[in-house]
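In the text below, chain A, chain B and the rest are named by the order of the sequence lines, each starting its count at 1.
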Amino acid sequence: MDYDFKSIESKWQAYWAANKTNKAVEDASKPKYYVLDMFPYPSGAGLHVGHPLGYIASDIYSRYKRLRGFNVLHPMGYDAFGLPAEQYAIQTGQHPEVTTMQNIARYRSQLDRIGFSFDWDREVRTCDPAYYKWTQWAFLKMFDSWYDPEAGKARPISELVARIEKEGYEDVTQEQWASADEKEKSDILMRYRIAYLGETSVNWCEGLGTVLANDEVKDGLSVRGGFPVEQKKMKQWQLRVSAYAGRLLDSLDRLDWSDSLKEMQRNWIGRSDGTEMVFNTVCEGRELPVTIFTTRADTVFGVTFMVLAPESELVDQLTSSAQKEAVAAYIKEVKKKTERERIAETKTVTGVFSGAYGINPLTGEKIPVWISEYVLAGYGTGAIMAVPAHDSRDYAFAKKFNLPIVPLIEGCDVSEESFDAKEGIMCNSGFLNGMTVAQAIEAAKDYVEAHGLGRRRTNYRLRDAIFSRQRYWGEPFPIYYKDGIPCPVDEADLPLVLPEIDSYKPTGEAPLARAKDWTYKGYPLETSTMPGFAGSSAYYLRYMDPHNDKALVDRAVNEYWRSVDLYVGGTEHATGHLIYSRFWNKFLYDLGYVCEDEPFRKLVNQGMIQGRSNFVYRIVGTNKFVSLGLKDNYETTEIHVDVNIVHNDRLDLEAFRAWRPDFADAEFILEDGEYVCGWAIEKMSKSMYNVVNPDLVCDTYGADTLRLYEMFLGPVEQSKPWDTKGIDGVNRFLKKFWRLFHDRDNWLVTDEKATPAELKVLHKLIGKVQEDVENFSYNTSISAFMIAVGELAQMKCSKREILEPMVIMLSPFAPHITEELYHQLGHDSSVTTASFPEFIPALAAEDNVTYPVQFNGKMRFTIDLPKSATPAEVEAAVRASSQTEKYVTGLTIVKVIVVPGRIVNIVVR
RNA sequence: GCGGGUAUGUUGAAAUUGGUAGACAAGCAAGACUUAGGAUCUUGUGCCCCGUGCGUGUGGGUUCGAGUCCCACUACCCGCACCA
């Protein structure tokens with residue numbers, strides 16, 4: 001009987017679906033383990049072989065944990081709101097929901113073919129009203145909360161109101177509050193709510209007709225679509241993520257994530273400890289204190305000018321009448337630039353003198369105040385003290401505008417460039433003279449605080465998340481406007497269902513503005529929708545209790561599953577989803593809705609699967625194609641060719657002629673009768689014709705081979721090109737494994753007792769697989785299987801005692817073939833209900849140890865000794881060996897090093 | 001510029017964490033079986049001047065012993081980037 005993967009795979013996939021084999025049920029008698037994949041956005045292109053990589057890795061781990069007696073939660077769903085479906089709708093008029101459902105169906109059928117152990121009863125879709133009810137609910141909770149920096153957590157806004165009424169808070173006095181009208185009260189509270197409506201400079205993308213969050217913009221272009229993005233002041237919903245910056249940073253230390261990912265988040269959060277200092281300024285007799293932020297308080301004696309951001313509110317007040325025109329012209333010029341231009345021109349220095357002067361609080365010196373775009377309004381206070389000698393940006397500015405440069409560190413040379421390093425001994429710096437920079441920073445901070453000139457302050461780069469999108473295909477905000485005051489929709493009225501609209505074409509206003517009766521209690525509803533990350537921020541919680549319509553997740557259920565034990569996904573979410581989710585979770589934790597303050601305890605980043613593109617070389621001006629080795633003899637153009645008609649870099653000529661009409665009469669110049677294609681590693685994409693579809697691999701080799709091959713390709717974390725060449729190896733392994741059970745006509749498995757040699761093969765394998773799977777080192781554990789199967793084949797061992805444990809161990813990797821064999825072995829339950837075989841080290845141990853014997857570190861020969869031999873016995877045996885004699889003639893043994901079980905090294909002179 | 005990572009045969013890679021470098025595959029070569037093979041099975045395969053030789057990006061160091069540890073450098077990949 002041959003290994004017929006097609007019938008085996010479809011048979012068991014149907015069986016698992018019918019029997020709900022992978023259903024997860026809360027069970028207090030078993031330890032839980034929660035394995036999560038980053039759920040996909042169902043794009044129109046379907047899956048390529050790169051997508052399932054992480055899913056396979058996590059599926060292996062889930063199945064392994066199940067064999068080890070854990071109650072495993074391993075769900076899957078779809079991040080289904082998003083731009084591509086809406087843009088398709090704009091082009092075709094088809095409702096995004098229709099497109100989305102079609103794509104989901106396609107994804108599901110592709111996923112099902114690979115044999116994942118997902119509990120599909122727990123599937124979530126972010127675009128499902130029953131799901132986004134809880135996205136809206138969380139938003140309402142954020143709207144109804146503020147961040148109390150004293151308690152270090154979010155609290156209900158009613159507690160803030162109570163406090164203001166009783167004693168005022170920050171700059172809001174009791175009296176002000178008492179006399180405020182509804183609108184004013186709303187405005188005051190808006191400054192504190194976690195979800196708030198605020199005017200801010202936002203990334204506006206004209207091409208997409210919407211605002212975008214910082215992580216959705218790269219190099220001044222939108223990540224989706226690549227349209228230019230400009231800065232615009234707009235009133236938008238925002239989430240006060242910045243309030244959590246400190247906590248998001250601190251608890252990173254407790255997470256089992258890769259260093260690089262944690263570092264990325266640390267950079268994104270961007271903590272910097274510095275000093276806020278007040279400089280008094282004078283402009284035509286008007287005095288105005290200006291607060292600046294610096295991390296280099298020690299350099300205050302070298303301040304030769306100050307700079308304001310062009311967008312700073314202080315600009316108007318600090319512009320003298322003489323400079324008014326020049327400043328206005330400069331600001332106009334700056335505003336005209338797109339974000340992209342501003343980034344591209346970071347090297348060119350621009351700026352204008354404001355006409356005002358500041359007073360250095362330590363020296364009393366009078367310094368000019370300038371305005372320049374190199375100072376950012378959104379960071380610190382939007383104003384800086386400039387120390388050109390020790391800051392390269394200030395230096396460039398000072399050079400351009402001929403401002404003085406005062407060096408503050410002994411022996412530093414600032415004639416050509418600034419000295420930015422935080423090292424050396426201070427000079428020209430009054431009481432700081434003679435200190436090291438590190439000492440001076442602290443001393444200066446102390447001085448500033450002691451003399452009431454400012455205070456220590458920690459700044460974060462992390463900004464609040466802009467939460468509004470002027471789009472259709474997203475969650476509607478549960479907010480309506482009563483006389484212009486934003487009010488929350490009653491929780492009982494959630495979900496607020498996305499209305500139908502007649503056309504998806506952009507008109508300049510938000511699509512929901514066109515919806516009929518988009519009102520609540522007679523008042524207009526908010527017309528923006530939520531961004532993509534809204535629905536993905538708490539989906540891992542919803543999987544715990546996906547059908548609950550009373551709560552996001554039931555308290556007791558949450559206490560059982562707690563948080564994700566293993567999260568598998570790509571690094572591309574480092575500064576988006578993974579920050580927002582952590583924020584969202586911490587917020588829910590503060591209010592007591594969830595029991596863990598971090599959502600993802602361990603995170604594994606799977607690498608990307610790159611494409612391996614193939615090329616043909618067309619001789620310019622002809623329809624003749626020349627093989628790789630001969631192409632240098634001609635003038636050629638390189639053309640991407642579909643990798644599916646190339647095997648081992650040899651072109652299938654007939655398939656090539658049939659591929660595209662213009663190649664139908666192609667001629668070839670061959671080498672050795674074959675056309676050899678060139679190749680390159682590139683991103684897997686349609687346009688490069690290097691996309692490999694997993695369905696195709698399942699058709700030709702089967703899902704088990706696909707799974708094994710993707711894991712055998714290399715470590716899960718590493719990016720690697722897809723190269724179908726090696727796939728035969730793992731396929732051969734499965735066939736070999738099958739042949740331990742079957743030959744052409746017979747069932748070979750016997751109940752004979754296994755020999756010690758056979759048990760050794762088995763137990764060595766158990767030990768290896770156990771260790772490797774725990775470390776996600778799947779490629780080496782597959783190697784171990786190959787070795788074991790080879791050895792058993794050699795021994796002609798087909799004993800149940802050996803093979804049955806192997807079937808169980810292999811089942812996480814290749815679930816279909818093992819399910820078939822497990823049933824053939826006489827079981828009528830699924831292999832997933834089996835237990836991982838127990839590792840007995842004694843059975844795996846070798847009786848003898850082969851010691852490599854080195855002389856002065858060079859290996860010369862090996863010697864077999866009993867495992868029990870003591871180091872002294874080993875040394876004696878080695879000294880007595882005739883081999884040793886050969887290598888020491890004429891020399892003396894200085895010392896013999898014996899590492900028990902490892903090696904013997906003899907030092908000779 | 002700042003931060004993180006990687007570097008081993010023709011290719012993907014492994015190395016018990018300081019102890020026989022190249023496991024296991026792929027590719028290639030030779031052979032067997034076969035009407036045939038993109039099937040199956042053997043065997044070989046780091047390099048060379050074939051030795052007590054050389055060899056894990058380069059140059060040093062520590063050690064009886066270094067792919068692994070330390071120092072300096074180079075190349076590539078990823079992230080951030082006028083963040084004061």
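A donor-acceptor contact under 3.5 Å links the side chain of A:Q854 to the base of B:G19.
As judged by a 4.0 angstrom heavy-atom cut-off over every strand, A:P721 is placed among residues making no nucleic acid contact. Residue-level contact check: A:V375 touches the bases, meaning some heavy atom is under 4.0 Å from a base atom. Residue contacts for A:I787: at a heavy-atom cut-off of 4.0 Å it reaches the sugar-phosphate backbone alone, with no base atom in range.
For the ring pair (Phe, Tyr, Trp, His ring centres under 6.0 Å) with A:Y3, the lone residue among A:W738, A:F741, A:Y701 that qualifies is A:W738. Under the side chain to side chain contact (heavy atoms under 4.5 Å, CB included) test applied with A:V387, the options A:T299, A:D420, A:V406, A:I405 reduce to a single match, A:T299. In summary, of the residues considered (A:Y709, A:F785, A:F733), a ring pair (Phe, Tyr, Trp, His ring centres under 6.0 Å) with A:F813 occurs for A:F785 alone.
Counting to the nearest Å, the P atom of B:G38 and the CD1 atom of A:I727 are 17 Å from each other. Distance, A:L308 CG to B:C82 C1': 16 Å, rounded to whole Å. Regarding A:L261, its CG atom lies at a distance of 13 Å from the C1' atom of B:G3, rounded to whole Å. Counting to the nearest Å, the P atom of B:G19 and the CZ atom of A:F861 are 20 Å from each other. Residue A:Y460 contributes atom OH, which lies 13 Å from atom P of B:A84 at whole-angstrom precision.
Annotation: B:C2 and B:A81 have their C1' atoms spaced 8 Å apart (nearest Å). With both ends at atom P, the span from B:C47 to B:G55 equals 16 Å, rounded to whole Å. Distance check on atom P: B:G27 versus B:U11 gives 15 Å, rounded to whole Å. Between the P atoms of B:A72 and B:G3, the separation comes to 13 Å (whole Å). The gap from the C1' atom of B:A36 to that of B:G44 amounts to 26 Å, rounded to the nearest Å. Atom C1' of B:U8 sits at a distance of 10 Å from the matching atom of B:A14, rounded to the whole Å. Taking atom P on both B:U45 and B:G37, the two are 26 Å apart, rounded to the nearest angstrom. Taking atom P in both B:U20 and B:A30, the straight-line distance is 35 Å, to the nearest Å.
The backbone N or O of A:P715 lies less than 3.5 Å from a partner atom in the side chain of A:K720, making a donor-acceptor pair. Of the possible polar contacts, none joining the A:T884 side chain to the A:R879 backbone as a donor-acceptor pair under 3.5 Å is found.
When distances are taken from the side chain of A:E373 to each of B:C82, B:G79, B:A14, the shortest belongs to B:C82. The side chain of A:F712 lies closest to B:G12, out of B:C78, B:A14, B:G12.
A salt bridge is absent between A:D4 and A:K6; no separation between the charged side-chain nitrogens and carboxylate oxygens falls under 4.0 Å. With salt bridges taken as basic N to acidic carboxylate O contacts below 4.0 Å, one links A:K760 and A:E846.
A 6.0 Å sphere centred on CD of A:Q883 holds more than 12 heavy atoms belonging to other residues, nucleotides or ligands.
Proximity of A:R860 to the phosphate of B:U52: no side-chain N or O atom is located under 4.0 Å from OP1 or OP2. Here A:R732 reaches the OP1 or OP2 of B:A26: one of its side-chain N or O atoms lies under 4.0 Å away. A close approach under 4.0 Å does occur between a side-chain nitrogen or oxygen of A:Y379 and OP1 or OP2 of B:A84. Considering only side-chain N and O atoms, A:N779 lies under 4.0 angstrom from the phosphate OP1 or OP2 of B:A14. For B:C78, neither phosphate oxygen OP1 nor OP2 lies less than 4.0 angstrom from any side-chain nitrogen or oxygen of A:S719. Residue A:R739 places at least one side-chain N or O closer than 4.0 Å to OP1 or OP2 of B:C41. In this model, the phosphate group of B:G12 is not approached by any side-chain N or O of A:Q718 to a distance below 4.0 Å at OP1 or OP2.
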*Just the dot-bracket of RNA chain B, please: which string comes out with Watson-Crick or G-U pairs under 3.5 Å, [ ] for crossing, | for another strand?*
(((((((..(((......[....)))((((((.......))))))(((..).))..(((((..]....))))))))))))....
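Put simply, the side chain of A:V300 reaches to within 4.5 Å of the side chain of A:N360, judged on heavy atoms.
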